[in-house]
There are 2 protein chains.
Amino acid sequence: MPRVTIYSVAQACGVSSSTVSRAFTRPDLVKDSVRQRILAAAAELGYRPNKSARAIATGRTAMVGLVVPDITNPFMPPLVRAVQRAAGDHDWSVLLVDAEEQSAAEAELISRLHGQVDGLILASPRARSIDLQNAAEDLPCVLMNRVIRGLPSVVCDNGAALAAIGDQLVRDGHRRVALLGGPASSWAAQQRARTVRAWAARAEVVLDELKPYDASFDGGREAGAALLATGTTAAFAFDDVMACGVLAELASRGVAVPGDYSVVGCDDVLLARMVTPSLTTVTAPFGELGRAAVELLRESVAEPEGRPSRVTLPGVPVTRASTGPVAARTP
Amino acid sequence: MPRVTIYSVAQACGVSSSTVSRAFTRPDLVKDSVRQRILAAAAELGYRPNKSARAIATGRTAMVGLVVPDITNPFMPPLVRAVQRAAGDHDWSVLLVDAEEQSAAEAELISRLHGQVDGLILASPRARSIDLQNAAEDLPCVLMNRVIRGLPSVVCDNGAALAAIGDQLVRDGHRRVALLGGPASSWAAQQRARTVRAWAARAEVVLDELKPYDASFDGGREAGAALLATGTTAAFAFDDVMACGVLAELASRGVAVPGDYSVVGCDDVLLARMVTPSLTTVTAPFGELGRAAVELLRESVAEPEGRPSRVTLPGVPVTRASTGPVAARTP
DNA sequence: CTGAAAGCGCTAACAA
DNA sequence: TTGTTAGCGCTTTCAG
């Protein structure tokens, strides 16, 4: 069974291969009647344009590389979905690369993608800025959840949402809250810490910044244990996963949430709804983040030398069951 | 800056382009000294083989399509990672396609991949068997967690593990347990139901099969509510996600787990450790599942007409905090 | 609006 | 062991 190509279709229609090609890529250049005939014959024969051939002829692969530091982090799947959907809207396929938490390996993985994809979306990359900048020399790149000089990026600004949740805490009587920072090297962690600090200053709340914990469930457990010694009545965790660890630790120590202690997460991953109590957190606009990233990447592909854009999307506060009024001190 | 191709490298070395090509693809056919020279020049010039060109010349894209029904299901990320790692070991890239829970769309998505990938791994596909069989006509396919006549597949057998957990339940005094089946159309759900039934018969335990619930957190909540009316003291949930829903519902109704009721999940996704109490469940051997799938796919690509193999890997029981002895009836 | 022809970068006989 | 020569399937000038 010989493969069906533009030539088979052309022959079947009595036109030249170029006309068939045009019928698919520049339909406006082909007379209506002819185009119809071609499309019909193509469908009939089961013709599928060969992507590789097209790629080699045009220099475009119609693929975008999506590099994630850790696909098992619940933040990623919704993001992957969003990116993929947005990419699909432009007939781009997504080549997924999971760095398996090896930040040092990211650069290497990225360089492997060269020539295979038209551009890269780097979701919360952990590699060194310099390596990322180098990677971007070769290939259009868009960052998500990180900002690096000279590169386009889309980030989520949780400042207002965290402040709103903080204000509610204050109304609930909390006067002293803890901040559980994420890894010091994480851009998002720095960002969130900064906005929480700013809020605390404004709200005249005492903020206890605990040492950075790992952005993981176990990191959260550690943090949860440490929390108890602080005299705080509420905590902002770096993200939902860490917050879950805090919840688990508090539960194991018989501390009631939100009765005795309030916990705030961030990102609103699926998990946030699944734990008991469900987490008060900040919903990341996954869909829009993905769309924006793809949009920026298209710009960057179209105009590699253009000035890098930055898109900032606000997170949305959601109050659930992990926060509440400070318990009346019953001695 | 002209792109660097085998020709640039050839010229730089004073050899022909084919020799350069060989130096990369069939190094054994090139004299050592020459190969060294070529590799050095290539590195110097920053040569990267163009995948599309190679694909069009060889008919192989070195890509595998990984189709998942729902990337946000926590079962998938570890599987994606495993497949990707195994694929990478053979220098295959992974094109990820998330069907976004639209089982009807799967077939369409699959057919889009035709020509773009050398083969397909379909993880827990929900499309109709006939559509999947048709897809496989065009393209080597391997199924995961589903068995369809004529297609190679790798599945996880949780029978022994579930039985072991069940036996422990019996030792803990449980005499009547519930089975929360997943969606009736799910192969895995049928499979699990079957093995639990078999165990119950053997163990002489009364099994209450509740109507199929959605394999989701909310499905689990519903199930949890229904459970209370059954007179059972323990339940096998279809998977961990559903089990989490059950936990949440029981918690909200003041039912202590495992004090008043025991809950068993399945798969051991990250989530299983994060909930309180942590879930007794069956660990799926993700790494091996991924490796096996890639291995079968390679066979299938090499020998499209070969008899389809089947690999079955056993799940491993893990006892955590969601199961325990039946509470003494205190009237 | 359509066809002829020249590549895109690489591989794979076939010769040498 | 190496070079020559055709392609792979598609796009894209350039003529017509």
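Order of the sequence lines sets the chain letters (A, B, ...), proteins ahead of strands, with each chain counted from 1.
The outermost nucleotides of DNA chain C lying under 4.0 Å from heavy atoms of chain A, listed 5' to 3', are C:dC1 to C:dG9.
Listed by residue number, the members of residues 21-43 of chain A with any heavy atom below 4.0 angstrom from DNA chain D are A:S21, A:R22, A:T25. Within residues 48-63 of chain A, the residues having any heavy atom under 4.0 Å from DNA chain D are, by residue number, A:R48, A:P49, A:N50, A:A53, A:R54, A:I56, A:A57, A:T58.
With hydrogens and angles ignored, the 3.5 Å screen pairs no side-chain donor or acceptor of A:D118 with any backbone N or O of A:V64. The backbone N or O of B:L296 sits nowhere less than 3.5 Å from a side-chain atom of B:S300 that would complete a donor-acceptor pair. Side-chain N or O atoms of B:T61 include one that pairs as donor or acceptor with a backbone N or O of B:Q116 at under 3.5 Å. The backbone N or O of A:I148 lies less than 3.5 Å from no partner atom in the side chain of A:Q133, so there is not a single donor-acceptor pair. Under the 3.5 Å distance criterion, the side-chain polar atoms of A:R35 are matched with a main-chain donor or acceptor of A:P27. Put simply, the side chain of B:R126 never gets that close to the backbone of B:S185: no donor and acceptor are under 3.5 Å apart.
Residues forming a salt bridge (Lys or Arg N to Asp or Glu O under 4.0 Å) with B:R26 (at least two apart in sequence, or on another chain): B:D28.
Regarding contacts with the backbone of D:dG3, every side-chain N or O of B:Y7 stays at 4.0 angstrom or more from both OP1 and OP2. Contact check, B:S16 against D:dG3: a side-chain N or O comes under 4.0 Å of OP1 or OP2.
Using a 4.5 Å heavy-atom cutoff, the side chains of B:R22 and B:V15 are not in contact. Side-chain atoms of B:T5 and B:N50, non-hydrogen and from C-beta on, never get closer than 4.5 Å to each other.
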For residues 71-85 of chain B, run the donor-acceptor check on the side chains, cut-off 3.5 Å, and write out each pair with its distance to 0.1 Å, sequence neighbours left out.
| unit_1 | atom_1 | unit_2 | atom_2 | d |
| --- | --- | --- | --- | --- |
| B:T72 | OG1 | B:D70 | OD1 | 2.7 |
| B:N73 | OD1 | B:F75 | N | 2.8 |
| B:R81 | NE | A:D98 | OD2 | 2.5 |
| B:R81 | NH1 | A:E101 | OE2 | 3.4 |
| B:R81 | NH2 | A:D70 | OD1 | 2.8 |
| B:R81 | NH2 | A:D98 | OD1 | 3.3 |
| B:R81 | NH2 | A:D98 | OD2 | 3.1 |
| B:R85 | NE | A:E100 | OE1 | 3.3 |
| B:R85 | NE | A:E100 | OE2 | 3.2 |
| B:R85 | NH2 | A:E100 | OE1 | 2.3 |

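Side-chain contact check for B:R146 and B:S129: at least one donor-acceptor pair (N or O, by modelled atom type) lies under 3.5 Å.
The structure places NZ of A:K51 at 10.5 Å from OG1 of A:T58, a figure rounded to the nearest 0.5 Å. Note that CD1 of B:I6 and OG of B:S16 are 8.5 Å apart. Values are rounded to the nearest 0.5 Å.
At its two ends the helix from C:dC1-D:dG16 to C:dA16-D:dT1 runs along axes set 30° apart, each axis drawn from five pairs and the angle rounded to 10°.
Residue B:S18 is in base contact, counting any heavy-atom pair closer than 4.0 Å across all strands shown.
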